[in-house]
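We're numbering straight along the sequence, starting at 1.
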Amino acid sequence: MKPPSYSIVCKAVKSTNIPILNKRFISPKSRNSTAPGKKRWGIQKSKRDVFTNGRWKQAETVERDTLVALEKLRHKAQGNKTILTKFPSVRECNSALATFGDGGDFLRALGLFLKMRKSVSLAHGLGDMSSAWSVPAPTLVTYSTLMSRAVQVGKERLALRLWYLMKTQAEFFSSKPKVPLESIILPDIKAANILMNVYAKLCNIEDAKYIYSQMIYGNGTDVPRLEPNIVTYNTLLDACQKAGDLESALEVKQNLDLSTYNPDARTFTSLIGSVGRNATATSGANDPSMAFSFLSEMKTLGICPNGMTYSALIDACARCGRTDLALKGLRMMLRQKQKGQRTRKRGVGKKTLTLFNEVGAWTAAIDAMGKAGRIETAMRLFYKMPKFGVLPNTITCGCLIDNLLRHGKTNDALEILMYMKDQNIAPSEVMYTSLMTSAGRMAEVENKQKWSESESEEKPKRDGGAKAIEVYTALMKTLTEERDVMDGKNTQLLKVFLVFQEMRAAGTDPDLACYNALLQACGRADDIYRALDVLKKMKEDGLIPNERSWREAFKTAANAHRADIAESIWIMYQGNRKIGEFWQPSIDCLSALLAAYVREADTKQENAGKQIKLYKSVVTMYRDTMTNSEKRKIDKEKLLQSKRSLGLILEALVGLHSVEKNEKNRSVIKRVAASITKLDVWKMRKKLFPSTLRAFTIAEKWRKELEASFGGSSIYPGE
């Protein structure tokens, strides 16, 4: 019997909104990492080991060999004369599926699975060719591997469709296949637990209980009769927790107590998390005492609660409206942590003890206080976290900001947003939407106030609260400072400009800080043309760029390797003053201009003439400054104290020395570079850029050679 078409899985992919990627594979090593705990189709930091032990290369080889063999098999099926190539074994294909899934590239794993299905379909059409060439027909391990990885990336419905596809196989046990015993697809306990986990993630408690019933009594169409293990009971408890069915959870616990397995921390965490989810007395509504009873029983059995356990306890107390007991749960965790700290061995005990997922318990407590209106308590808990060795994460900040905005504490929300900026914590999508919505409402209120003030002759009253422009600006700055960009620099730039456009649409006039945030985002994305457009819009809005504005514009030109545009910005910078006002460029802007010259010169290695011109521009600017030329108007003393500017000048001198052919000029370059290394600013060489450190090392070597040739005398320009 011919297997069902693999188009079933294709339809499943479409129905779950899986993005279609380019066929050309982009190596995961070149992609940006994912934020910890964030699910996506890309690469996860916790799975990096698959690239270091050769597994990824082996998986790529299996994928390539499968594709080659499949193409030749397809030509053979079309009636062409082709010498068939041997397929990788099904075991090798299963290993490749696991590797791609563990690496986070689930779409690639799914593609390999479809190739396996297609090869079986073509081989059946050729009759005996299937046995001759051993096409990798998907087995139970294949489907189990793919389903578990689908659950990891949050595609539970796709995992369920894969199970239904496996059930349609002629070799599936419930179809009573007439095939050899070793070819029958008979689900084992691992496959049954994976299927139950899928139902648990979908909050489908009835189907999860039905799988358990089939395991106990048999005669099922999904799994045969199997002995449940601790994973089975914990997975079923997880389904009960997500469905809020405490009665079913207690039944599962009773069955677990009658079995030969002992409960663990996950067992009691799920039980505690099931309390108070429904508004019935049997579900523990308004009474978290059952949750504390589970915690007490857990400790009696010698099982140590972790951060997830206390997080579930605090959440249960919050659902029951008992914030006092929620704080009690947090104190219990801190006492347990302090007790564990005292019992640690000497030497090790000096380090701060941290429970697993301890930040989750703090986040639950902060969220509970915020939802109960105890905002000051939530703020105190937030700032106390570092004192106990726990740092807030994105979820912690998001919960607190959401509650602050809900209670009109905009200034405090901005304070937390600035904390996130300082700690390089990226805002989540939920937080992003919440802040945008709050800022939009504030802008609407402000616009109404402006209209009412214009109608009356009374002076406007300031309420002392934050304004919409401050929220928009803080959000733009936080997005700009995001270090771990998952989707690339262009997406980061797009988010910042979307906030800017939303701000304009809400009727809020941007200020200088908003435009500076836009320029900084342009610099991160190396988009010099958009940066020029921002400078143009600033002029149209009647705003005068400040030093930071020009510095960000120069940095953008440097990142884009466009020294010509940097020169044009420098001319604009010189004209950015009132008539008769003395103008002197800042050292930071000068450093950014020098960086534009040096970076473009480093990329023009195939054009020696262009390189020499760019390097000489840097050297000429240094010469004019040292000779007090009125042309540059650069502060000589500040330049000699700027390690960044002097480092770029050294890089230009070393680069010019490598392309200059005139020996006399090369000698002068060495003397100038050696003189720069004698300056006092180099006594502290910490935090130097690698390129600057390399140039300084070469120049210092030149200085030693010159001092040796001149008998140890000092080397300065003009000597």
Under the side-chain hydrogen bond (donor to acceptor under 3.5 Å, both in side chains) test, residues paired with Asp412 that sit two or more places apart = none

Side chain to side chain contact (heavy atoms under 4.5 Å, CB included) assessment of Asp207 paired with Leu195 | CA-CA 10 Å; Asp207 285 338; Leu195 178 60; over 6 Å; no

Sorted by chain and residue number, the ring-ring contact (aromatic ring centres under 6.0 Å, His included) partners of Phe500 (sequence neighbours excluded) come out as Tyr515

Which is it for Leu202 and Arg157 under the side chain to side chain contact (heavy atoms under 4.5 Å, CB included) test, yes or no, and what are the steps along the way?
-> CA-CA 8 Å; Leu202 295 173; Arg157 295 194 179 277; 3.9 Å; yes

Pair Met147-Leu160, side chain to side chain contact (heavy atoms under 4.5 Å, CB included): steps then yes or no | CA-CA 8 Å; Met147 287 177 63; Leu160 193 58; over 6 Å; no

Between the side chains of Thr99 and Asp102, does any donor sit under 3.5 Å from an acceptor?
-> no

If you measure from OG on Ser148 to NZ on Lys190, what distance do you get to the nearest 0.5 Å?
-> 6.5 Å

Residue list, side-chain contact (heavy atoms from CB on, under 4.5 Å) with Lys328, at least two apart or on another chain | Phe292, Leu325, Arg331, Met332

So do the side chains of Thr473 and Lys477 get within less than 4.5 Å of each other, counting heavy atoms only?
-> yes

Smallest heavy-atom separation, Cys317 atom then Ala326 atom, equals CB-N, 3.7 Å

For the residue pair Ala239 and Ala208, what are the closest heavy atoms and their distance?
-> CB-CB, 4.1 Å

Taking the side chain as C-beta and beyond, is there a heavy-atom pair between Met369 and Leu327 under 4.5 Å?
-> yes

Does a side-chain heavy-atom distance below 4.5 Å link Ile205 with Tyr199?
-> no

For the residue pair Ile211 and Val223, what are the closest heavy atoms and their distance?
-> O-CG2, 4.1 Å

Taking the side chain as every heavy atom from C-beta outward, state whether Phe294 and Ser274 have any pair of such atoms under 4.5 Å apart.
-> no

Under 3.5 Å, side-chain donor or acceptor atoms of residues 378-392 against the rest of the protein: list the pairs with distances, not counting sequence neighbours.
residue : atom : partner : partner atom : Å
Arg380  : NH2  : Thr377  : OG1          : 3.3
Tyr383  : OH   : Glu415  : OE2          : 2.6

What pairs with Asp257 under salt bridge (Lys or Arg N to Asp or Glu O under 4.0 Å), at least two apart in sequence or on another chain?
-> Lys253

Atom CG of Leu334 with >12 non-hydrogen neighbours under 6.0 angstrom = yes

Going by the salt bridge (charged side-chain N to carboxylate O under 4.0 Å, His left out) test, which pairs reach into residues 228-240, not counting sequence neighbours?
-> Asp238-Lys242

Give every donor-acceptor pair under 3.5 Å between a side-chain atom in residues 302-315 and any protein atom, sequence neighbours left out.
residue : atom : partner : partner atom : Å
Asn306  : OD1  : Met308  : N            : 3.1
Asn306  : OD1  : Thr309  : N            : 2.9
Asn306  : OD1  : Thr309  : OG1          : 2.9
Thr309  : OG1  : Thr269  : OG1          : 2.8
Thr309  : OG1  : Asn306  : N            : 3.4
Tyr310  : OH   : Gln336  : OE1          : 2.4
Ser311  : OG   : Gly360  : O            : 3.4

By side-chain hydrogen bond (donor to acceptor under 3.5 Å, both in side chains) - contacts of Gln214 (at least two apart) | Asp222

Minimum heavy-atom distance Leu414-Val471, with the two atoms named = CD2-CA, 3.6 Å

Beyond-backbone contact of Leu330 with Trp362, side-chain heavy atoms, under 4.5 angstrom = yes

Determine, stepwise, if the pair Met418 / Ile416 fulfils side chain to side chain contact (heavy atoms under 4.5 Å, CB included).
-> CA-CA 5 Å; Met418 289 298 100; Ile416 302 301; over 6 Å; no

Contacts of Tyr143 meeting ring-ring contact (aromatic ring centres under 6.0 Å, His included) (sequence neighbours excluded), chain-then-number -> Phe113

What residues form a salt bridge (Lys or Arg N to Asp or Glu O under 4.0 Å) with Arg322, not counting sequence neighbours?
-> Asp324

Would you give the length of the straight line joining atom OG1 of Thr363 to atom CD1 of Ile395, rounded to the nearest 0.5 angstrom?
-> 6.5 Å

Ignoring hydrogens and angles, state whether a donor on the side chain of Thr267 or Asn234 is under 3.5 Å from an acceptor on the partner side chain.
-> yes

Any pair with a residue in residues 431-444 that passes salt bridge (charged side-chain N to carboxylate O under 4.0 Å, His left out), sequence neighbours left out, goes on the list, sorted by first then second residue, please.
-> Glu444-Lys448

Compare every heavy atom of Ser270 with every heavy atom of Leu237, then report the nearest pair and how far apart it is.
-> CB-CB, 3.8 Å

Tell me, which pairs form a salt bridge (charged side-chain N to carboxylate O under 4.0 Å, His left out) where one or both residues lie in residues 360-376, sequence neighbours left out?
-> Asp367-Lys371

Could you verify whether a donor N or O on one side chain and an acceptor N or O on the other, from Thr235 and Asn197, lie under 3.5 Å apart?
-> no

Shortest non-hydrogen contact from Val496 to Met476?
-> CG1-CE, 4.0 Å

Could you tell me whether the side chain of Leu110 reaches within less than 4.5 Å of the side chain of Arg149, counting heavy atoms only?
-> no

Pairwise side-chain contact, Glu227 with Ile189, heavy-atom cut-off 4.5 Å (strictly under) | no

Can you find a pair of side-chain heavy atoms, one from Lys467 and one from Thr410, that are under 4.5 Å apart?
-> no

Between the CG atom in Leu97 and the OG atom in Ser144, the distance rounded to the nearest 0.5 Å is 11.5 Å

